[in-house]
Amino acid sequence: MPTTASDAIDPVTYEVIRHKLWSINTEGATTVEHVSGSPVVHATDYNFGIYTASGEMSIIGLYLLTPIYTGAMAIEEFLRRHDDIEPGDVFIINDPYIAAMHQNDVQFCSPVFRDGEIVAWLGCMAHQVDLGGMDPGSWCTTATDVYQEGLRIPPGRIVRKGTVNQELWDTIVLNSRMSGTVANDFRAFLAGLRVAEQRFHELCDRYGAGQVRATMDRTIDNSEADLRAMLRELPDGVYEHTSYLDRPDGDGIELLEVPCRLEKTGDRLSFDFSGASPQSPAYGMTTRGGLLGAVATLMLCTFGSEIPWNHGIMRPVEVAAPDGLCVTAVEPMPVSGGAAGANWTATCSAGGALAKMLSFSEKYESFAFGPSDGSWQLTQFGGVDQYGEPFASMYMDSLLWGGPAFSFRDGVDAGGAMVILGGGATNVEQQEMRHPLLYLWRRQVPDSGGAGTYRGGNGVQFALTPIDTTGVTGVLGTHGVALPNRTGLFGGLPGSCARFERVVDAGALERLAAGSAIGELADLDGTPEVLPGVAPAAQVAHGDVFECTVQNGGGYGDPLLRDPAKVAADVAARAVSREAAARLHGVVVTESGTVDEDATRTCRERIRESRRARMTPPASRPGDGAVEGEPTGIWGASLVTWPGQAGPTAGCRHCGAVLGSLAQGWEGIAGRVSLGPEDLGGDVRIHESLTAVAYVCPDCVTALWVDTEPAEGKSWRDFALHV
């Protein structure tokens, strides 16, 4: 039933229907959350969407975003495979090689019929607490092929003409260690879809199905047109950024490289990941669906504050990569960790490249932000609970990492995930009631955000100890342990790295029973140890303490340019320590909380002189008369540019010094300073094959960019503008 001229819609009716569709989507999502009893769903690891008849995203919830694009892929697959779709059908899929992030993310989709034709689709998904496999929770960190992981569900009907396919339902549920929770989630899906379909029909009854379809089509078309108009205002060129997926390898740590080459031409964007490391039978591989979902999430979150977010934001986008890479894994590679592994690293790479492009525009530089979601720290525990029953539960506290800084503000402390904008975290009381683990703390960590003119947000750490059980087994998995994925922008420092720790025989419950407070792991008796980033069977016995500390957002701009009064306010709020204030920001804060202005000037000059003494200067500098007139362009907080026949010439945006032509890459016209631990945050670690580098103005030594790159030097250029 294509839209026709008779379906032309006036602007007022269009806005009424568009907002009503948002309301319908929210009601469907809220129904899922209220019916489900899963703590994972309550922490908003789910989503709900309204799709066009062909499967394009029209309305998207604010919850877990990455699988929403796989929902569009799933609907395309249902339409391709089935020519007998009927009213009352509900389709199911979780196969990551077709249209899912990993097996835990189960998607239900139902068509909406009017007058015998599909006019829309409704879709909902949620992470299931367990779908079988070798490890509780189905995050199988030591799996060497997909057959050791959770149950794969091919595209098919879970409901046929309104009747549940009980055989399929029972097969899925009985393969779960948490069958009751999974069954209740499935009931929640059906309830949400039923409510949303009823409201959708009411909307069509009032305004006509043609008007509703025309609204859905127009909002997608409008978003596409708006994004293409924005892109035409940005310079054509190639923008590159590289992130790494680190994981244990024997006694060391292996790095997988995930570079992104973003090319902008006219009103088109091409994200190319062809240089990524090959797939391997290890934790963290993602499929093509995961890669596409990662890019879609980045696009929605970058441009969605200005443009209604829907499939129109993806229409100008191409994502390229051959099969068989760590970001395009093919069967039988294990992919249960792909929902938070290579795809998150791809988002970091694509986000860095996109920020470099946006920062050439004074109009749009405020849209740029550093990698927002560095790593999800899986903390899945299982065993026998305090009631003598088997349990498996995923702790969602690690969503509370600090946000990235922008060109105009600090990152949000414990601001949460870009990938779950409306997300929360685990409810402490709910978890303690259900599971045999007692929280000792969940708190923000000072100095964990990257320092900068605007600092990255601080994130949390949380500590648990078993209670009323002999112990639990943890399935732990993350990356960002050996390097910071969350780099800063334009001289801002990276945020802290991820970490798992355990203290064996800590005696925490005995200390609490005796009335002694516990403030740090160091307060405990026992043996402390740092656990590897991937630990498939981490035993936490009664008397032990487990602690998780998250990655956090990078800063924006040179930390030495931060307003000293803001640093003093950070110290007063215990967001920044006095030691870090002096070492990283060059601001001396007295014990009374005031800024010592003379000491601050001296401290900042000492840091600048240290940079100058360690700087490798550029090979050559332009002579007098290299440019004429005022600069006409910028690159973020770092550069100003003058036009030229062979391409732009750049200067320092801070002191105005002319640096040279950009034709061979801006890196060659900046000074280079290798950074050591004294230059970085206390919880920033750099893998032995990498080095942290500051590119600085050779005149004023202001930091223009800080990156983590191969020790032998990087092979990519941050940008190369088309002349």
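Here, residue 1 is the first one in the sequence, and each next residue gets the next number.
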_Working for side chain to side chain contact (heavy atoms under 4.5 Å, CB included), residues L509 and L438_ = CA-CA 9 Å; L509 296 178; L438 177 73; 3.9 Å; yes
*Between E520 and R443, is a salt bridge (charged side-chain N to carboxylate O under 4.0 Å, His left out) present by the stated rule, with each step listed?*
CA-CA 11 Å; E520 305 285 345; R443 61 195 178 195; 3.3 Å; yes
*Criterion side chain to side chain contact (heavy atoms under 4.5 Å, CB included) on R502 and V545, from CA distance to verdict*: CA-CA 6 Å; R502 174 178 61 189; V545 171; over 6 Å; no
*For T469 and Q386, what are the C-alpha separation, side-chain angles and deciding distance, and is it a side chain to side chain contact (heavy atoms under 4.5 Å, CB included)?*
CA-CA 6 Å; T469 188; Q386 62 266 51; over 6 Å; no
*List the steps and the verdict of side chain to side chain contact (heavy atoms under 4.5 Å, CB included) for I518 and L512.*
CA-CA 8 Å; I518 305 171; L512 293 175; 4.0 Å; yes
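By the side chain to side chain donor-acceptor pair (under 3.5 Å) test, E667 is found to be paired with K714, residues two or more places apart in sequence or in another chain being considered. With sequence neighbours left out, the side chain to side chain contact (heavy atoms under 4.5 Å, CB included) criterion links D385 to Y387, E389, F391, P436. Contacts of A350 classified as side chain to side chain contact (heavy atoms under 4.5 Å, CB included), with partners at least two apart in sequence or in another chain: C260, F271, F273, L298. D413 pairs by the side chain to side chain contact (heavy atoms under 4.5 Å, CB included) definition with Q444, R455, N458, not counting sequence neighbours. With sequence neighbours left out, E432 forms a salt bridge (charged side-chain N to carboxylate O under 4.0 Å, His left out) with no residue at all. Checked against side chain to side chain contact (heavy atoms under 4.5 Å, CB included), R442 has the following partners two or more places apart in sequence or in another chain: D397, L400, A425, T426, V428, F462. When the side chain to side chain donor-acceptor pair (under 3.5 Å) test is applied to Q380, no partner is found at least two apart in sequence or on another chain. Residues satisfying the salt bridge (charged side-chain N to carboxylate O under 4.0 Å, His left out) test with E678, not counting sequence neighbours, are R614.
Within the 4.5 Å cutoff, the side chain of L675 has heavy atoms near those of the V706 side chain. By the 4.5 Å heavy-atom criterion applied to side chains, P559 and Y454 are not counted as neighbours. Taking 4.5 Å as the limit, some side-chain heavy atom of F546 sits within range of a side-chain heavy atom of L531. A 4.5 Å side-chain heavy-atom check between L464 and L440 finds every atom pair outside the cut-off. Residues L521 and P528 form no side-chain contact, since every pair of their non-hydrogen atoms from C-beta on lies 4.5 Å or further apart.
Judged by distance alone, the side chain of Q551 and the main-chain N or O of G459 form no donor-acceptor pair under 3.5 Å. When atom types are taken as modelled, the side chain of H435 and the backbone of Q430 share no donor-acceptor pair closer than 3.5 angstrom. R685 contributes no side-chain N or O that, together with a main-chain N or O of A482, makes up a donor-acceptor pair within less than 3.5 Å. At least one donor-acceptor pair closer than 3.5 Å links the side chain of D130 to the backbone N or O of R177. W401 places a side-chain N or O within donor-acceptor distance of the main-chain N or O of G416, the cut-off being under 3.5 Å. D246 places a side-chain N or O within 3.5 Å of a backbone atom of V481 that can act as its donor or acceptor partner. A distance-only check finds no donor-acceptor pair linking the side chain of D45 to the backbone of V41 [under 3.5 Å]. Side chain of R672 to backbone of A694: no donor-acceptor contact under 3.5 angstrom is found. Of the possible donor and acceptor atoms, one in the side chain of N552 sits under 3.5 Å from a partner among the backbone N and O of V550. Side-chain N or O atoms of D707 include none that pairs as donor or acceptor with a backbone N or O of E709 at under 3.5 Å.
Neither side chain, H479 nor S375, offers a donor N or O lying under 3.5 Å from an acceptor on the other. Of the N and O atoms on the side chains of D447 and S577, at least one donor lies less than 3.5 Å from an acceptor on the other residue. A donor and an acceptor atom, one from each side chain of S393 and Q431, are located under 3.5 Å apart.
Counting only residues at least two apart or on different chains, the salt bridge (charged side-chain N to carboxylate O under 4.0 Å, His left out) pairs with a member in residues 280-299 are R288-D323. Applying the side-chain hydrogen bond (donor to acceptor under 3.5 Å, both in side chains) rule to pairs touching residues 327-340 yields Y147-E331, E149-S336, R152-E331, sequence neighbours excluded. Applying the side-chain hydrogen bond (donor to acceptor under 3.5 Å, both in side chains) test to pairs two or more places apart or on separate chains, those with a residue in residues 533-546 are T473-Q539.
Of the inter-residue distances, the one linking T347 atom OG1 with M299 atom CE reads 12.5 Å to the nearest 0.5 angstrom. Rounding to the nearest 0.5 angstrom, the gap separating the CD1 atom in I153 from the CD atom in Q107 is 11.5 Å. Here the CD-CG distance, from Q128 to L131, works out to 6.0 Å after rounding to the nearest 0.5 Å. For the atom pair S674 OG and I686 CD1, the distance stands at 11.5 Å (nearest 0.5 Å). The distance from atom CG of D105 to atom OH of Y46, rounded to the nearest 0.5 Å, is 14.5 Å. One finds the CZ atom of R434 at 9.5 Å from the CG atom of N427 (value rounded to the nearest 0.5 Å).
Taking the six-membered ring for Trp and thresholds of 30 and 60 degrees, H102 and H127 have ring planes inclined between 30 and 60 degrees apart. Classification of the Y439-Y395 ring pair by plane angle, with boundaries at 30° and 60°, yields tilted. Using a 30° and 60° split on the angle between ring planes, Y283 and W139 fall in the tilted class, from 30° to 60°.
Between A321 and L325, the shortest heavy-atom contact is CB-CD1, 4.2 Å. Heavy atoms only, all atoms of each residue included: W376 and S398 are closest at CZ3-OG, 3.7 Å. The shortest heavy-atom contact between P248 and P532 is CG-CB, 4.0 Å. When every heavy atom of V335 is checked against every heavy atom of P96, the shortest pair comes out as CG2-CG, 3.4 Å. The shortest non-hydrogen separation linking Q377 to T478 is CG-OG1, 3.1 Å. Among all heavy-atom pairs drawn from V146 and M333, the shortest one is CB-O, 3.8 Å.
Ion pairing of E240 with R261 is absent here, as no side-chain N (NZ or NE/NH1/NH2) approaches a carboxylate O to less than 4.0 Å.
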Contacts table for residues 251-258: side-chain donor-acceptor under 3.5 angstrom, sequence neighbours left out:
| from | atom 1 | to | atom 2 | distance (Å) |
| --- | --- | --- | --- | --- |
| E254 | OE1 | R247 | NE | 2.9 |
| E254 | OE1 | R247 | NH2 | 3.2 |

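Less than 6.0 angstrom separates the ring centroid of F490 from the ring centroid of Y556.
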